[in-house]
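As the structure is a prediction and not an experimental result, all values here were calculated from the model.
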Amino acid sequence: MFIDKRFHHYSIGSLQKDLLSGLIVGVIAIPLGMAFAIASGVKPEYGIYTTIVAGILISLLGGSKYQIGGPTGAFIPILFGIVMTYGYENLLIAGFMAGVILTLMGIFRLGSLIKWIPRPVTIGFTAGIAITIFAGQIASFLGLTGIKKHEEFILNLKEIVDHLDTINLFSLITAAICLIMVLLTPRFAPKVPGPLIGLLISTCVSALFYPGHVATIGTAYGEIPSTLPELHIPSINIDVMIKLLKPAFVIAMLGGIESLLSAVVADGMTNSRHNSNKELIGQGIANMITPLFGGIPATGALARTATNIKNGAVSPISGITHGIVVFLVLLFLAPKASYIPLASMAPILMVVAWNMSERKVFAQIVKTKSTDSIVLLVTFLLTVFVNLTTAVEIGLVMSAILFVKRMSDVTTTAKALPNPEHRQGKVETSMVTDTHDCPQISIFNVEGPLFFGAAQTFEKTIMETINYHPKILLLRMSKVPLMDTTGEAILASIVKHFSKSGIVLVSGLNSQPESVLHKTGLFELIGQDHFFEHTGEAIQYGLSQINENRCLGCKHFAFRECKQLSANEVVDNRAKLTATF
């Protein structure tokens, strides 16, 4: 089983590495858990509960050796919107429902489907979330008072502008100290968690030099309990479930995407391989149980997972350890967290937003000035100014439409003739001109997928060029990798139309299109003896079906000896050709 592989060759030395890494990640996760919870519109302890319960379960039941689970910045705008619209209790229900959805996705092996979401869409909404998080912390950084929080980005910015006259200098100093520590600590002490140092120093400065002048966790939310809450099962009924189905689905999709992206990055860092379906099941179970303890939705945390790996993690024991460390801190030090200034939390989230913004990749995609750039910018702007759900929906639809357009452009249908100068009589489209064509056998090179996006062009090209009713229609399809039912329907229409006065031949048919033709019966309609592996065989068969005594200029339709009629001769003889054949 996969879980056994995660502990393959495990030893005492491995345990020591896991314990050390888990300790470091656990210390980092404490301030982040509280900050994410506050930014999501709930009490800070709910972030700690999530870190403990979801962190342990995701590591224990997931499909990655190194994944660290818990609350993440990506969820902030989504959870805040749900809290504002439905309330905290319904957030717990939505989180539970999202867990069910994730579990079912894993059971039905849909893990790979999430990876199909186009990169411009994921980069677009990730950058949009980062902007939203960053802007949402400006008020706390400046210590503004009287701020009303809104779901709309523009209204939140307006609130900040309208209350700039309430800037608290002490909050600004506190936030600046924390920000400096967060940025400088990794340079001088890479192994020391910068957010923790920033919180400790800024909190000490605030408490010693200007106590009571900045809002703290205690003054805003009360003292943090030093124990996990009792098990609580939210009241769920069908009406509530229907109302929360869309928010739950958004949480599940975002959680699935974030967790699998984090697992993929971990694979790249460690040359390992995760089990995507098992990861979704682990994420799902964790999100089903966490709300029972008051926790908010959780997913794989990329930054903490990377930190876990860099500090020598060997197995999921490190993730379990990280949850236990947070639990011990909750038991013995929770009351002390009440003294942490809210201004100290703001720069931590601002740095998280900066790091998750994917700014370099964003700029690279924009510079391509391609359809991907359009999808990226639209998804980004909709995430910021509308909401994530709309952004992802429209981003995916745009990506699908533009992909179909690109694929239809790739598919080409062009008339061709044998090249008499080529020793093997290669059939080339360049041989056909306005004055050089053949009235007897029409050969078409079909290249690219024959699907709904390209089928109409395929039909139009052929029908426009066979108006003079040639005897033979030869379709060279060796470069058609696939065909859908729309492509098959168009081909069937052409076959039925042309078969009234001539013969349809096909060469080089690939396995997938052949399977489609068999299933629809078109293969039998064309006739098994009209399918050929090579074009030369098809041409020779076509020649055998033409009465050479009546052939007008094409009596020797062999590769190098063909005497094609000019286009004018074809026009002059159209009536005669029609009567002849």
Side-chain angles (χ1 to χ4, degrees), residues 22 25-62 67-80 82-83 88-100 102-103 133 195 217 221 224-234 247-248 250-252 254-256 258-259 262 282-305 308 319-331 334 337 345 348-349 352:
V25 177
V27 170
I28 294 173
I30 294 169
L32 291 177
M34 291 190 294
F36 292 145
I38 292 172
S40 299
V42 300
K43 293 182 178 182
E45 57 262 35
Y46 299 152
I48 295 179
Y49 302 155
T50 306
T51 303
I52 296 169
V53 179
I56 292 175
L57 290 175
I58 287 173
S59 293
L60 185 64
L61 304 175
Q67 185 81 281
I68 298 295
T72 67
F75 273 142
I76 289 176
I78 301 298
L79 304 188
F80 180 77
I82 294 174
V83 172
Y88 168 67
E89 186 74 11
N90 283 329
L91 171 64
L92 299 182
I93 298 174
F96 179 88
M97 292 172 61
V100 175
L102 283 168
T103 304
I133 295 173
I217 289 178
Y221 300 100
I224 295 178
S226 57
T227 59
L228 283 174
E230 294 182 1
L231 188 68
H232 169 67
I233 300 177
V250 174
I251 293 172
L254 184 58
E258 290 292 314
S259 64
S262 178
Q283 296 281 344
I285 294 174
N287 277 288
M288 290 168 63
I289 295 178
T290 300
L292 305 182
F293 293 92
I296 60 179
T299 185
L302 179 55
R304 276 163 277 169
T305 298
N308 186 41
I320 296 172
T321 302
H322 122 276
I324 295 174
V325 167
V326 176
F327 178 65
L328 293 176
V329 171
L330 176 70
L331 287 180
M345 310 295 285
I348 293 175
L349 285 179
V352 169

When you compare the side chain of Tyr49 with that of Leu330, does any pair of heavy atoms fall below 4.5 Å?
yes

Got Leu79 and Pro297 here, is their nearest side-chain heavy-atom distance under 4.5 Å?
yes

What I'd like to find out is whether the side chain of Thr72 reaches to under 4.5 Å of the side chain of Arg304, using heavy atoms alone.
yes

Does Ile251 reach the side chain of Ile82, with side-chain heavy atoms less than 4.5 Å apart?
yes

Could you state the interatomic distance from CD (Glu45) to CG (Leu228), rounded to the nearest 0.5 Å?
11.5 Å

Quick one: CE on Met34 to NZ on Lys43, what's the gap to the nearest 0.5 Å?
15.0 Å

Are the side chains of Ile76 and Leu349 in touch, meaning some heavy atoms are under 4.5 Å apart?
yes

Heavy atoms only: give me the nearest Val42-Tyr88 pair and the separation to one decimal.
CG1-CD1, 3.7 Å

Nearest heavy-atom pair of Ala286 and Pro291: which atoms, and what distance?
O-CD, 4.4 Å

For Leu231, I'd like to know if atom CG has over 12 heavy atoms of other residues, nucleotides or ligands within 6.0 Å.
yes

Quick one, Met288 and Thr103 - any side-chain contact, counting heavy atoms below 4.5 Å?
yes

Taking all atoms of both residues into account, what is the closest heavy-atom pair of Ile224 and Ala337, and its distance?
CD1-CB, 3.7 Å

State, yes or no, whether a side-chain contact exists between Phe327 and Ile48 at a heavy-atom distance under 4.5 Å.
no

Any donor-acceptor N/O pair, Ser40 side chain to Phe80 backbone, under 3.5 Å
no

Working to the nearest 0.5 angstrom, can you tell me the gap between His322 NE2 and Ile68 CD1?
5.5 Å

Taking all atoms of both residues into account, what is the closest heavy-atom pair of Gly33 and Thr51, and its distance?
CA-OG1, 4.0 Å

Have Ser262 and Gln67 got a donor and an acceptor in their side chains that come within less than 3.5 Å?
yes

If I take atom OG1 from residue Thr290 and atom OH from residue Tyr46, how far apart are they, to the nearest 0.5 angstrom?
14.5 Å

Ala98 versus Ala248, closest heavy-atom pair with distance
CB-O, 3.4 Å

Rounded to the nearest 0.5 Å, what's the gap from CD1 on Ile296 to CG on Leu91? Could you check?
7.0 Å

Tested for side-chain contact (heavy atoms from CB on, under 4.5 Å) against Phe293, the lone hit among Leu92, Thr50, Val53 is Val53

Does Gly255 offer a backbone N or O that forms a donor-acceptor pair with the side chain of Thr299 under 3.5 Å?
yes

With Ile324, the side-chain contact (heavy atoms from CB on, under 4.5 Å) member among Val329, Ile56, Ile52
Ile56

